[in-house]
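Each chain gets a letter, A, B and so on, in the order the sequences are listed, and its residues count up from 1.
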Amino acid sequence: MSGPSTYVPKSGFARWMDSRLPLMRFAHDTIITFPTPKNLNFWYAFGAILAFMLGIQILTGIVLAMHYVANADLAFNSVEGIMRNINYGWLIRYMHANGASFFFIAVYIHMFRGLYYGSYKAPREVLWILGVILYLLMVATAFFGYVLPWGQMSFWGATVITNFFSALDQITPHWGSAIATWLWGGFAVGDATLNRFFSLHYLLPFVIAGVVALHIWALHVPGNNNPLGIDVKGPQDMLPFHPYYTVKDSFYVALFALVYLAFVFYAPNFFGNPDNYTPANPVVTPPDIVPEWYLLPYYAMLRSVPQKLLGVLVMAGSLLTLLFIPWLDTSKVRSTRFRPMMKQFFWFFVIDCAVLGYCGAQSADASLTLGSFALPLVWIARLATLYYFGFFWVIMPLLGIIERPKPLPTSISQPVLAAAE
Amino acid sequence: MADTTAPEPTRRDFLYIATGGVAAVGAAMTAWPFIDQMNPSSAVLALASIEADISPVQLGQQVVFNWRGHPLFVRRRTPQEIATAKAVPLSDLIDPVARNANLPDNAPATDENRVATGDANHTGKEEWLVVVGVCTHLGCTPTVSTPQSPQGEYGGWLCHCHGSQYDVAGRVRHGPAPQNLAVPPWTFLSPTKIKVG
């Protein structure tokens, strides 16, 4: 995409270096001159925001690991020690805990953006799949991290999630339980589990950083998609990445950081669960165990199925479905802007995810009361689960055939120039 | 080699395959210690049994012990609860086998089989129900049901995580849990003391 390199080494040292390790050439072509469609809107800033959040999480995480003790007897108190004794420990921990939530806010917007503008369609399938892998790595990292403070939600969240594997007992007896025991390093979640989760929680962010490099590489081969979803026709449709997008992205990163830090300073426990300030107790389950907000939709899908193995399979299926989207969408038109039917189904899908999240946050036997009529929430969750799968596996393939898209503009420049006249 | 017929296997082909085979076996043998290190260590396995004093447990009460890092429910059932549990036909059960480590795997889930211990003679001890307090769905600890504070419809336990219900014999009566609460291997050491594990 970037075409022949336009880098010209300016000094003797730069020339010497360029013929040995062309690092400056690589940086120049990647973040200075990289040609980018000129019509990218606000929603395209979330890639930069995500990179910023990954940096924040790694930086604060490395600091927290200097003071945290991964031991079932000491972990909870070491976190309290970070909060009360370590200089600025409260700030760094609140940045890390809220950073996880804002990382997920950004990734969900980034994913919905990709869905809306068809950024997963040829030739960007690998880019999308790497994104799904990044999302799964984020979920795993967040899960391991949530266990570390060793509060009640940490412990019971770890118990429920690792027990997903015991559902495999219903396929081959004892195999699933053997996997769960292997993950625990004991008969239940305990000290051995905490230690290995800490090890993995420290490892995975660097794996994420590696896959991010592949994700950006896969982005730079075909180049950015854009809100019109049409291919760039030539240099008149493009701008160099710097200064146009470095400045734009920096502005939105600052805006996002403003909201993020408002939570860090003024509502640091808004996203947290008060039960996690109770030390882990292996013989008492809190009355309402719920995952962190960003996993609630999946939790609702799990609970909507009254059979153990099927529930776990539905939940796993909802995640794996994302990998197939590039081939499930049969429409030739990328951007939903030109797909009147898709636009409605898409926004309904966004609402559907919010409904699933709401259902996941309520207790297992809750119901929605309208006057004298009570509808068990589990039925709402079932309908919402049905739509989740229906959207990807039925609506997406069919719409490509029956929908009549609006006419596409001939180039990226054309609608801009037409509006100016 | 313009010839399209497969060439005769040579000594070199054999050596390639043999070397590759040895390397694959070696790689698998090297991988195993890195996988097995995550399994419970012998120090963890050594803590497998406990002795518990059950003399303070009142009729209708449940006491929770810690066994292998799991809660262990010791429940002293009232005559009325025992009668209710015995009256349940096996055809009403989600999981028809006893899940009692003291009995063969295929023992039916009658109330007698749920309270059976590893002792040769366990008649007259049916008021004692000992089960692992781990919901067979995803491992939460179910809440005990008492006449003062009923939990669910079956008088036994209700798991708040995902709504599974158990009866007074610890048998699952309402999903998503697939199995009855597990009965661990246990015996009476004396009328007031039990050994579990």
Which atoms of A:Ile161 approach chain B - backbone, side chain, both or neither, heavy atom under 4.5 Å: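 Contact with chain B: none, neither part.
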Please state whether the side chain, the backbone, both or neither of A:Pro282 comes within less than 4.5 Å of a heavy atom of chain B.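 Both backbone and side chain.
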Tell me if the [atom1] atom of [X] is crowded by more than 12 foreign heavy atoms within 6.0 Å.
X	atom1	result
B:Gln61	CD	yes
A:Phe206	CZ	yes
A:Phe165	CZ	no

Produce the donor-acceptor pair table for chain B versus chain A, cut-off under 3.5 Å.
unit_1	atom_1	unit_2	atom_2	d
B:Ile35	O	A:Trp182	NE1	2.6
B:Met38	O	A:Arg196	NH1	2.9
B:Met38	O	A:Arg196	NH2	3.0
B:His70	NE2	A:Phe187	O	2.6
B:Thr136	O	A:Lys308	NZ	2.8
B:His137	O	A:Lys308	NZ	2.9
B:Leu138	O	A:Asn163	ND2	3.0
B:Thr141	N	A:Thr285	OG1	2.5
B:Thr141	OG1	A:Thr285	OG1	3.2
B:His162	NE2	A:Tyr299	OH	3.0

Between [options], who has the most heavy-atom pairs with chain B when the cutoff is under 4.5 Å?
options	value
A:Gly190, A:Gly311, A:Pro287	A:Pro287
A:Ala188, A:Ala192, A:Ala180	A:Ala188
A:Gly185, A:Ala167, A:Gly186, A:Ala178	A:Gly185

Where does B:Leu72 contact chain A at under 4.5 Å (heavy atoms): side chain, backbone, both or neither?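 Looking at B:Leu72, nothing touches chain A.
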For chain A, which candidate among B:Gly69, B:Cys135, B:Gly139, B:Gly133 shows the most heavy-atom pairs at distances under 4.5 Å?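 Top option by heavy-atom pairs under 4.5 Å: B:Gly139.
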Name all pairs fulfilling the salt bridge (charged side-chain N to carboxylate O under 4.0 Å, His left out) condition that reach into residues 154-168 of chain A, sequence neighbours left out, sorted by first residue then second.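 Every pair satisfying salt bridge (charged side-chain N to carboxylate O under 4.0 Å, His left out) with a residue in residues 154-168 of chain A: there are none.
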If you look at every heavy atom in B:Cys140 and A:Val160, which pair is closest and at what distance?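 That closest heavy-atom pairing would be SG-CG2, 3.7 Å.
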